[in-house]
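Take a look at the structure below.
Values in this document were obtained by computation on a predicted structure and should not be read as measured data.
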Amino acid sequence: DVVDIDSAQKSSSRTNTNSSGMMPHDPRLWGMSIRQMYEFAIEIYGSPMNILVSAAEVMMYFQENGPEADGRNLPHEHDNLSIYDVVNQYVKPRTKGTGLSLAVLLNKDNEQQPTTKAADLFLSHSWAEKFSYLVALLCLECFDAKILKEGPFPEEVEERGTAKGRFGRELDTVFSGGINLEPFIKLLLWQGKEMPHPDTVVWFCAFAINQNASIGDELGGSIMESPFAQVLKDVPRMLVVYNQGLDLYSRVWCVLEMYIGVKRRNEDSDFIVNFAGLSSAGSFMSKQWVEAHYEAELASLRQELESIGYENLDKQMVLASGPNYGLKFAKGFCEKNPTDVRNADASVESDKEMIMNEIELYIDDVNEGVKAMRQDAMAFTMLALMDG
């Protein structure tokens, strides 16, 4: 249903340390559209092309240097912007003194559409991921088709290897000369699944929570009554966003989200849990590992990929990720390298203690849910691994 924010605010008992605004009582109303996220990203990066340039830099940096590489040392300051940085440098200053989260503020200030809808997509992700990467992945449908076909660099670049990028810097990249990014993102990052429409209302914690308030007060006294849990119990879809720099399930809040998602999926067959993105070292098998355990199969895969040819990227992806190769390798890796969410960390130790106490009886279910998603994600990244 469509809910008027002003009406929701008037009926809310939730107050803020700032008297100039109140958050809607129902946390489902703290969402924003994917198009709004895209437009906010353009404010930060300057243009859609700059977002794609930065996202390409981020993906190539981790592909070339491995997930253990220091993600704070990318070539340009905009490439280094994590969700933490975006919150501190852009969200907090923008919302200071309003008593509102960024999402609620943007909807309240939208004269053309001063109402909001309950969120229909919950993002489970890490704040350590780079913002440009998240925007390129989540907001693909917002980018102009011409920009995607040109790739992050102009088509007129003649020599592969060097391109004049934004801010006047020289860039060495496989994307020089122009490449259509759309099939790359759809196949490699989304594994061919349907991507969200720009008008999809997404619950993105960094923009949904009032970051200038006491986070402890915003989260409430009980983990399962926190805004995260309330929204996850009601939202129809959950999207897990993998990144190359951090294993999601080394972080306890991501473990909690997976626990709620797995539990709800077991109880509600209509609830959808999907994943997207490239996964990190903590859940990503290396080419060396595959060569050591599946030498003959890997040699066969290489031959079949060569016979298909790069221009048939979708056929290559289906072959590389299928049961004979990618899925087989991934299942073997997960059996030999199991993940136990009990090993997850938290910035605040008391958070970990509370969450682990809450999910204690469901640890095995959560581990199985994480294992299934890791297998699928790794199977679909085989084509990238072959080039790594």
Side-chain angles (χ1 to χ4, degrees), residues 27 83 119-129 134 137-138 189-191 193 196 202-206 208-209 219 222-284 330-331 333-335 337-348 351-381:
I83 307 300
D120 52 23
L121 179 65
F122 181 97
L123 283 192
S124 179
H125 68 107
S126 164
W127 275 40
E129 73 196 354
L134 175 65
L137 182 152
L138 189 64
L189 302 187
W190 281 95
Q191 297 85 43
K193 295 189 287 288
V202 62
W203 206 91
F204 177 54
C205 58
I209 300 285
L219 296 181
S222 165
I223 290 290
M224 296 311 293
E225 293 304 318
S226 67
F228 298 87
Q230 290 185 54
V231 174
L232 259 178
K233 289 176 185 176
D234 183 78
V235 76
R237 292 180 292 164
M238 172 181 173
L239 177 66
V240 178
V241 179
Y242 288 114
N243 70 86
Q244 295 161 285
L246 180 75
D247 179 6
L248 283 187
Y249 301 109
S250 68
R251 307 306 299 170
V252 75
W253 280 99
C254 294
V255 169
L256 175 66
E257 290 162 3
M258 174 54 78
Y259 155 70
I260 298 173
V262 168
K263 190 168 182 289
R264 181 161 170 216
R265 188 173 58 183
N266 291 341
E267 299 168 352
D268 180 1
S269 59
D270 292 328
F271 180 61
I272 299 171
V273 180
N274 273 333
F275 66 88
L278 295 170
S279 65
S280 71
S283 60
F284 190 71
K331 286 181 176 179
F333 180 85
C334 289
E335 290 296 332
N337 301 275
T339 292
D340 190 336
V341 297
R342 280 169 287 217
N343 297 326
D345 294 320
S347 301
V348 180
D351 286 355
K352 178 177 179 178
E353 186 176 340
M354 280 193 299
I355 290 172
M356 288 303 168
N357 286 340
E358 181 67 42
I359 71 173
E360 184 178 7
L361 298 178
Y362 297 89
I363 289 287
D364 290 340
D365 288 343
V366 177
N367 279 334
E368 282 301 310
V370 170
K371 176 183 174 182
M373 296 188 75
R374 288 176 74 213
Q375 288 177 174
D376 287 344
M378 283 187 277
F380 274 101
T381 51

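Closest approach of V273 and G261 over heavy atoms only: CG2-O, 4.2 Å. Nearest approach of M378 to C334, heavy atoms of both residues: CE-SG, 3.1 Å. When all heavy atoms of W190 and L137 are compared, the pair lying nearest together is NE1-O, 2.9 Å. When all heavy atoms of P27 and P227 are compared, the pair lying nearest together is CB-CB, 3.9 Å. Of all the heavy atoms in D351 and A346, the pair that sits closest is CB-CB, 4.3 Å. Closest non-hydrogen pair, R374 versus F333, comes out as NH2-CE2, 3.7 Å.
Atoms OG and OH, on S124 and Y249 in that order, are 5.0 Å from each other to the nearest 0.5 Å. Residue D234 holds its CG atom at 12.5 Å from CH2 of W203, rounded to the nearest 0.5 Å. Residue M258 holds its CE atom at 10.5 Å from CG of N367, rounded to the nearest 0.5 Å. Interatomic distance, CE of M356 versus CG of L256, reported as 9.5 Å (0.5 Å rounding). Annotation: the span from L138 atom CG to H125 atom NE2 amounts to 10.0 Å, rounded to 0.5 Å. C205 contributes atom SG, which lies 6.5 Å from atom CD of E257 (distance to the nearest 0.5 angstrom).
By the side-chain contact (heavy atoms from CB on, under 4.5 Å) test, K331 is found to be paired with L327, Q375, residues two or more places apart in sequence or in another chain being considered. By the salt bridge (charged side-chain N to carboxylate O under 4.0 Å, His left out) test, D345 pairs with no residue at all, sequence neighbours left out. In this structure E358 satisfies the side-chain contact (heavy atoms from CB on, under 4.5 Å) test together with M224, Y259, sequence neighbours excluded. Every residue meeting the side-chain contact (heavy atoms from CB on, under 4.5 Å) condition with S126, not counting sequence neighbours, appears here in chain and number order: A128, N243, L246, L248. A search for side-chain contact (heavy atoms from CB on, under 4.5 Å) contacts involving A206 returns I83, V87, W127, F204, not counting sequence neighbours. Every salt bridge (charged side-chain N to carboxylate O under 4.0 Å, His left out) that E335 has, sequence neighbours left out, goes to K371. Every residue two or more places apart in sequence or in another chain was checked for a side-chain hydrogen bond (donor to acceptor under 3.5 Å, both in side chains) with R237, and none qualifies.
Side chain of N343 to main chain of S250: no donor-acceptor pair is present (N/O by atom type, distance under 3.5 Å, no hydrogens or angles).
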Let me have the donor-acceptor pairs involving side chains of residues 264-272, under 3.5 Å, with sequence neighbours excluded, atom names and distances please.
| residue | atom | partner | partner atom | Å |
| --- | --- | --- | --- | --- |
| R264 | NH1 | L232 | O | 2.9 |
| R264 | NH1 | V235 | O | 2.4 |
| R264 | NH2 | V235 | O | 3.1 |
| N266 | ND2 | V262 | O | 3.3 |
| E267 | OE2 | K263 | NZ | 3.3 |
| D268 | OD1 | D270 | N | 2.9 |

Problem - Trace of the side-chain contact (heavy atoms from CB on, under 4.5 Å) decision for V255 with R342 - result: CA-CA 9 Å; V255 169; R342 280 169 287 217; over 6 Å; no

